[in-house]
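One-based numbering, in listed order, for ligands and for the atoms of each. We count residues from 1, following the sequence as given. Every value quoted in this text rests on a predicted model; they were computed, and no experiment measured them.
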Amino acid sequence: MRQTLISSATLVGAAQALNYTCTPSAIQAALPQGASVNFAYPVAANATFNVPKGDTGYPTSPPNLPALCAASIQVKSIGNTTYGFGIFLPEEWNGRFLAVGNGGFAGGINYLDMASGVRYGFAAISTDTGHNSTSGDGTWADKQPDKVENWGHLAMHGSVVLGKQITASYYKQNATYSYYSGCSTGGRQGLKEAEYYPEDFDGILAGAPAWWTNRLQPWTVRIALVNLPTTADYHIPAALFATLNKEIIKQCDPQDGVVDNIISDPKGCNFQPLTLLCGSPSANATSCFTGPQLDTVYKLFSDYVGANNTVLFPSFYYGSEGQPFLISGNAPNSLGTQYVQYFLGKGASWNFTDYNDDIIALSDSIHPGNASVGYDLSRFHAKGGKVLSYHGLSDPLIPTGSLPYYYDHLTRTLKPKGINVDEFFKYFLVPGMGHCSGTQTSMNAPWYFAGANQQPVLGSDVYSVPGFEDKKHDVLKALMAWVEEAEAPEYIIGTKYVNESTHDKVMRQRPICIYPKQAKYTGKGDVNDAANWKCKSLY
Ligand SMILES: *[C@@H]1O[C@H](CO)[C@@H](O)[C@H](O)[C@H]1NC(C)=O
Ligand SMILES: *[C@@H]1O[C@H](CO)[C@@H](O)[C@H](O)[C@H]1NC(C)=O
Ligand SMILES: *[C@@H]1O[C@H](CO)[C@@H](O)[C@H](O)[C@H]1NC(C)=O
Ligand SMILES: *[C@@H]1O[C@H](CO)[C@@H](O)[C@H](O)[C@H]1NC(C)=O
Ligand SMILES: *[C@@H]1O[C@H](CO)[C@@H](O)[C@H](O)[C@H]1NC(C)=O
Ligand SMILES: *[C@@H]1O[C@H](CO)[C@@H](O)[C@H](O)[C@H]1NC(C)=O
Ligand SMILES: *[C@@H]1O[C@H](CO)[C@@H](O)[C@H](O)[C@H]1NC(C)=O
Ligand SMILES: *[C@@H]1O[C@H](CO)[C@@H](O)[C@H](O)[C@H]1NC(C)=O
Ligand SMILES: *[C@@H]1O[C@H](CO)[C@@H](O)[C@H](O)[C@H]1NC(C)=O
C-alpha cells in the first residue's frame, strides 16, 4: 500500500536524521558507471546554499533552507556530451521526489526552484540540460545535435532516473510518489516526460508549456515581423500598446460580471479596434491608430495561418499586450532568431528579414532534439499519471492559445483510443497572468498559486502560498491530492498580495476554474473574496 498524504508533522525523515550520510563517496555508491559526483555536503538549517560560480542559467543562491544534503552529479550522455544535475535531500523528508524544470534555452541547475521544493519536504532535483547559458542564448546549439537532444529530453530523464536512485540510497527507501513542476520550457519538459518516459512521474505540473518547439520558435520571428520594420506604416510603437491595452480592458473586462480591469474571457470578447481609428470620436487624436496599424492589431490576435488555411501556430489572447511585449523593439527575440540560426543550422549570417513559411517546414522536418511534444500521452494515462497544466491569459511570450490547442489535439488523439482525457489531463487559464507569473500593475490579477517559478517572485525563501498553505490555494498540493487521494481539482484559488515582496496582506483572491469552467461573480459580497465567485460551465 502506498501511504496517503502525510502532514509535515509526520515527516518520514525526522527521526532518522542521524542515519543519513552526505558525502561524495556515499552518493557515488548509489550511481552507475558514467556518473560522477561533483560535490556533496550538508547544508545546515537556515543556511544559504551557495550556487557554484558559473551556473549562468540560475545564479541565485537560496537562503534560509531546511537542513539538507546538497549534491551535484555529472553524467556521460550521447556522443561527447555530458549533463549535470543537482539534488537537495532534506533531513525532514516527505517521502516524495520532485524534479523542477528550466526556462527558454537556459543551461544551468535551477537550485532556486529546488529550494521551493525542499520546503515541502521533497527530495528535489534539477538538470542543467547539458549546457551552460542564459535563457535567451541558443548559440551553444550550433552544430551540436547531441547537445540539443540533451536539452530536448535526455538530460531530464537521465537526471530523474539517477536522482531517484540517489534518493532511495540516501533514505534507504524509495520515494512513494514522484512529481514534476516546471513552466515555459519547464512546462515542455514535463509534457515530454509524460510522452516519452511515462514511468518517471505520478504527477506533472506543466505551466505555460513551450511544447511545440518546432513551431513556437519560428513563430517568435514571424510575430515580430508583423510589427517590423519600425519604419513601416503598419508599425505600432511601444507607447501605443498602452492605448491598445486600455481599450481592450475597457471592452473585454465587464464580461465576467465585474468591472475590475481583469479580463477573464478574452476569447469571448468581441473586441472592436475601430474605436481607436484616428478621426473616430472615441479615439484620442495624439494616440490613435491608422488603418494599417489596425491591421497589425488584427494579426497579433489571429492565428498564424499558412498555405491552404492551415493553422501554423495559435495566437496571443487579448490582454497580453499589457505585458512587456514580445513584439516591441526593432528585432525579433533571440529565442526565435537563434533557433533558426543554430537549431535549424541556418548559421549566424541568417537575417530574420529572410523569414518565410519554409522555415516552419524545415523545423518540422528536423525536429531538433525531439523537443516538441506529441499528442499521444496514452502510456502516461495507462499508468495512472496525472497532468495539471495552466497558462496565463495575458502571456506575452508564449501565446495562450497554444495550451487549448494542445488539449484539443490530445483529445482528438486519445478519444478514438477510448481514453477520457479529463481523467488524467486538466488545465486552467489564469486571468491577467503573464508568462508563468505576475500581472500588469493596473490589473492586479490574483496570479499567485505556488506554480513553477512563482515562489522566487515573492522571495527566495518562500514556501507555498504564504498564509494559505493548502490544496485549495497551492497548485502543487492540489496535484498531490489528485494523485494520492483521487481528489480532482475543480479550481485553484489565485492570490494577489498588496505587495508581492512582503506578501503579508492580501489584496484579492479568486477561483481560477479548471477548463471548461469559468469564474463568475455571484453578484453578492466582496468581489475580492474568492467565496463570492463560482465556477460555471461555459457549455
Ligand atoms: C531557523 O529559523 C527558525 C525560524 O526563524 C528558528 O525557529 C530555528 O531555531 C532556526 N534553526 C536554527 C538551526 O538556527
Ligand atoms: C558557464 O559560462 C560562463 C560564462 O560564459 C563561464 O564563466 C562559466 O565558467 C561556465 N560554467 C561552467 C560550469 O562551465
Ligand atoms: C568527440 O571528440 C573527439 C576528440 O575531441 C572528436 O574527434 C570526435 O569527433 C567527437 N565526436 C563527436 C560525436 O562529437
Ligand atoms: C526501490 O525500488 C526498486 C525497484 O522496484 C528496488 O529494486 C529497490 O530495491 C528499492 N530500493 C529500496 C531502498 O527499497
Ligand atoms: C491622449 O493621449 C496622450 C498621449 O498618450 C495622453 O497624454 C493624453 O492624456 C490622452 N488624452 C486623453 C483624453 O485620454
Ligand atoms: C495545399 O493543398 C494542395 C492541394 O491539396 C497541395 O497540393 C499542397 O501541397 C498543399 N500545400 C501545403 C503547403 O500544404
Ligand atoms: C538584415 O537585413 C536588413 C534589411 O536588409 C538590414 O538592414 C540588416 O542590417 C540586416 N541585419 C543583419 C544582422 O545582417
Ligand atoms: C528522436 O526521434 C527519432 C524519431 O523521430 C528517433 O529516431 C531518435 O532515436 C530519437 N532520438 C532520441 C535520442 O531519442
Ligand atoms: C514592497 O515592500 C518592500 C519591502 O518593504 C518595499 O521595498 C517596496 O517598495 C514595496 N513595493 C511596493 C510596490 O510598495
Can you check whether T56 has an N/O within less than 3.5 Å of an N/O in ligand 2? yes
So how far is it from Q255 CD to C269 SG, rounded to the nearest 0.5 Å? 8.0 Å
Is R96 paired with D202 through a side-chain N to carboxylate O contact shorter than 4.0 Å? no
Restricting to side-chain hydrogen bond (donor to acceptor under 3.5 Å, both in side chains), what partner residues turn up for S72, sequence neighbours left out? N38
With atoms numbered from 1 as shown, which atoms in ligand 5 lie under 4.0 angstrom from a non-hydrogen atom of S287? 1 (C), 2 (O), 5 (O)
Determine the sole option in Y342, Y339, F343 for which the ring-ring contact (aromatic ring centres under 6.0 Å, His included) test with F105 is passed. F343
Sequence neighbours excluded, the answer for side-chain hydrogen bond (donor to acceptor under 3.5 Å, both in side chains) partners of R119 is none
Contact check: N284 vs ligand 5, nitrogen or oxygen atoms, below 3.5 angstrom: yes
Got a second to check how far W482's CH2 is from L388's CG, nearest 0.5 Å? 6.0 Å
Which heavy atom of T167 sits nearest a heavy atom of G163, and at what distance? OG1-O, 2.7 Å
Starting from the N and O atoms of ligand 4, find every protein N or O within less than 3.5 Å and list the pair with its distance.
from: ligand 4; atom 1: 2 (O); to: N174; atom 2: ND2; distance (Å): 2.2
from: ligand 4; atom 1: 11 (N); to: N174; atom 2: ND2; distance (Å): 3.0
from: ligand 4; atom 1: 14 (O); to: N174; atom 2: ND2; distance (Å): 3.4

I need the full list of disulfide (SG to SG under 2.5 Å) pairs touching residues 75-159, with sequence neighbours left out, sorted by first then second residue. none
Polar contacts were defined as any N/O atom of the residue lying under 3.5 Å from an N/O atom of the ligand; does this apply to N132 and ligand 2? yes
For ligand 5, which atoms sit closer than 4.0 Å to a heavy atom of T286? 1 (C), 2 (O), 3 (C), 4 (C)
